[in-house]
Protein chains: 2
Amino acid sequence: MENNLNDKQIQILEVAEKLFAEKGFDGTSIRDISKIANINVAMISYYFGSKDLLLESLIKHKTIGLKEQLLVLIAENLEPVAKINKLIELYINRINCNRGIYRIMHFELTSKKNESILKYFTELKKANLKSVELIIKEGQAKGIFRKDIIIPLITPTIIGTFFHFQMNKDFYEEILDLKTDTQYDNFIKTDLTKHIQQTIKALLVYEN
Amino acid sequence: MENNLNDKQIQILEVAEKLFAEKGFDGTSIRDISKIANINVAMISYYFGSKDLLLESLIKHKTIGLKEQLLVLIAENLEPVAKINKLIELYINRINCNRGIYRIMHFELTSKKNESILKYFTELKKANLKSVELIIKEGQAKGIFRKDIIIPLITPTIIGTFFHFQMNKDFYEEILDLKTDTQYDNFIKTDLTKHIQQTIKALLVYEN
DNA sequence: GTTTAAATTAAACAGTTGTTTAATTTTGTC
DNA sequence: GACAAAATTAAACAACTGTTTAATTTAAAC
């Protein structure tokens, strides 16, 4: 919760995020980090206490603000479908801008059983789920969305689709002929986002 | 491709899969493996050459047969929707039975740039995509499926949804009140599978 | 300018890592 | 039972791991 991070600490976190995302938490040594960040190894222990606590700081540093973003969205006066679409955009954009950390969150946190950070995550996920629930129930009350839906399974479809795509970046770049990073980013922002929105809409509104 | 693995080698792979899935590739030492598998450390190098080659053997050992399974499915005489549903079931079942290895595939293989194994995977994915393509185009030809769909994005939705769910097992167990492993497995086999099938069907058949 | 705290450093620490060695045991073949 | 190949072992290897130490430099406060 504390934000007392100086520039040097943030710089270290930046490097750590990049390396953790590239090579995994265990695959990255604090000497790797210190070398690229151009600092002494001891500085990491000095600032963060340990490698584990460094990860904890990193995650907290990168996830603050998400809850607020969701609350703003919910308060907006939008049609249910438009609201869901905006939620999807928000998720994709958020994850896309913080590729590194979200990847770490998925991969490392299932094995690492750091009690403190695990609780933090559960709370984050619960808040997310509550937001999605609110939006969908609003749509259901208005008679626009189906009612035979398991709401907690909506998020896996949104985030899971995006994640699987990101996870297989090289493959989809080849298959979809996305030659540059800009093309790839564009595809995410237009086609992939639309695909997910279309999917969720079809699922929610579909009437047989 | 070679199947000349004796019982002891397979036993080692079994243990390795379990540990890699639990603690990651880098998080698992060959001593961890040898201890649990009740063998000498040197046996791993003796049988597989190195830790990297052990992973390679493991992956190849666990993915043989997938391509054939898909070909059988395609040849079946089924309605397009039924075929897609069966494809989804096949994916989920396959991944569910090999949780460990699929998790490794996603997390480790993006960082490890083992040329040989990466090529193997690309080929596997291409074969998968081709199968999906065949089924969907069949449905399109019959006028049942929409034609404005980016087919390569179907797989991410199927597998991504499932994966994200698996990745957050503890969370969903709590949220959905799944108290035992049997309940959890049951939920996957019924509700989650149905959710994904419903999602894909809505996406493919939906007419606005 | 002196004093005090913070920042930074190189070196050392004790474990662990993947791998190799060389010796020994087990197994199969004749 | 003798021989050769395969399997198994304990020990050693050098490199790397996260962390701590104690000394030194820098910055801030007075």
Side-chain angles (χ1 to χ4, degrees), chain A residues 2-59 61 104 107-109 111-117, chain B residues 2-59 61 104 107-109 111-117:
Chain A
E2 303 119 41
N3 245 359
N4 40 357
L5 296 171
N6 61 41
D7 291 352
K8 197 140 250 175
Q9 282 173 295
I10 290 176
Q11 183 214 346
I12 294 172
L13 291 182
E14 223 81 58
V15 173
E17 180 181 13
K18 189 169 168 290
L19 292 183
F20 287 163
E22 263 174 34
K23 322 199 289 172
F25 181 76
D26 289 313
T28 305
S29 75
I30 58 169
R31 281 174 181 81
D32 290 339
I33 298 171
S34 70
K35 219 168 282 171
I36 294 184
N38 248 314
I39 50 140
N40 190 280
V41 234
M43 292 307 290
I44 288 172
S45 298
Y46 177 72
Y47 274 136
F48 300 99
S50 72
K51 196 189 175 187
D52 280 312
L53 289 171
L54 168 71
L55 177 61
E56 200 169 321
S57 286
L58 174 58
I59 287 171
H61 174 62
I104 297 162
F107 301 166
E108 308 295 347
L109 288 174
S111 47
K112 309 263 162 289
K113 54 185 181 313
N114 183 323
E115 202 56 50
S116 144
I117 214 159
Chain B
E2 304 118 40
N3 245 0
N4 40 358
L5 295 172
N6 61 42
D7 291 351
K8 197 138 250 175
Q9 283 174 295
I10 289 175
Q11 183 213 346
I12 294 172
L13 291 182
E14 224 79 58
V15 173
E17 179 181 13
K18 188 170 168 290
L19 292 183
F20 287 164
E22 264 174 33
K23 320 199 290 172
F25 181 76
D26 289 313
T28 305
S29 75
I30 58 169
R31 281 176 181 80
D32 291 338
I33 298 171
S34 69
K35 218 167 284 171
I36 293 184
N38 247 314
I39 51 140
N40 190 279
V41 234
M43 292 307 291
I44 289 171
S45 298
Y46 176 73
Y47 273 136
F48 301 99
S50 72
K51 194 188 176 190
D52 280 312
L53 288 171
L54 169 71
L55 177 61
E56 199 168 320
S57 286
L58 174 58
I59 287 171
H61 174 63
I104 297 161
F107 303 165
E108 308 296 347
L109 288 172
S111 46
K112 308 263 161 289
K113 52 188 184 312
N114 183 322
E115 202 57 48
S116 145
I117 215 159

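Chain letters run A, B, ... following the sequence lines, proteins first and then strands; every chain starts at 1. No hydrogens, no waters, no symmetry mates; every other heavy atom, side chains included, goes into these values. Since we're looking at a predicted model, the values are computed, not measured.
A heavy-atom distance below 4.5 Å is not found between the side chains of Asp26(A) and Phe25(B). In this structure, the side chains of Tyr46(A) and Asn40(A) stay at 4.5 Å or more apart for every pair of heavy atoms. A heavy-atom distance below 4.5 Å is not found between the side chains of Asp32(B) and Val15(B). Side chains of Phe48(A) and Leu55(A) form no contact here, defined as non-hydrogen atoms less than 4.5 Å apart. Residues Leu13(B) and Leu54(B) have side chains in contact (heavy-atom distance under 4.5 Å, counting atoms from C-beta outward). Using a 4.5 Å cut-off on side-chain heavy atoms (C-beta onward), Tyr47(A) and Ile39(A) make no contact.
Atom CG of Asn40(A) is separated from atom C1' of dG18(D) by 13 Å (rounded to the nearest Å). Whole-Å rounding puts the Phe48(A) CZ to dT8(C) P distance at 12 Å. In this structure, Asp52(B) atom CG and dT17(C) atom C1' are separated by 13 Å, rounded to whole Å. Rounded to whole Å, the distance from CD1 on Ile44(A) to C1' on dG18(D) is 10 Å. Atom CE in Met43(A) sits roughly 7 Å away from atom P in dA7(C) (whole-Å rounding). In this entry the distance linking OH of Tyr47(B) with P of dT8(D) reads 4 Å, nearest Å. Going from atom NZ of Lys51(A) over to atom C1' of dT20(D) covers 17 Å, rounded to whole Å. Between the CG atom of Leu19(A) and the P atom of dT17(D) there is a distance of 12 Å, given to the nearest Å.
Side-chain proximity of Ala42(A) to the nucleotides dT21(C), dT19(D), dT21(D) is greatest for dT21(D).
Residue Glu56(A) holds its CD atom at 4.5 Å from CD1 of Ile117(A), rounded to the nearest 0.5 Å. Here the straight-line distance linking atom NE2 of His61(A) with atom CD of Gln9(A) works out to 10.0 Å at 0.5 Å rounding.
Look at Tyr46(A) and you'll find a side-chain N or O under 4.0 angstrom from OP1 or OP2 of dA7(C).
A distance-only check finds no donor-acceptor pair linking the side chain of Glu17(A) to the backbone of Glu14(A) [under 3.5 Å].
Within residues 29-38 of chain A, the residues approached by DNA chain D to less than 4.0 Å at the level of any non-hydrogen atom are Ser29(A), Ile30(A), Arg31(A), in residue-number order.
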Close N/O contacts between protein and nucleotides 22-28 of chain D (under 3.5 Å):
none

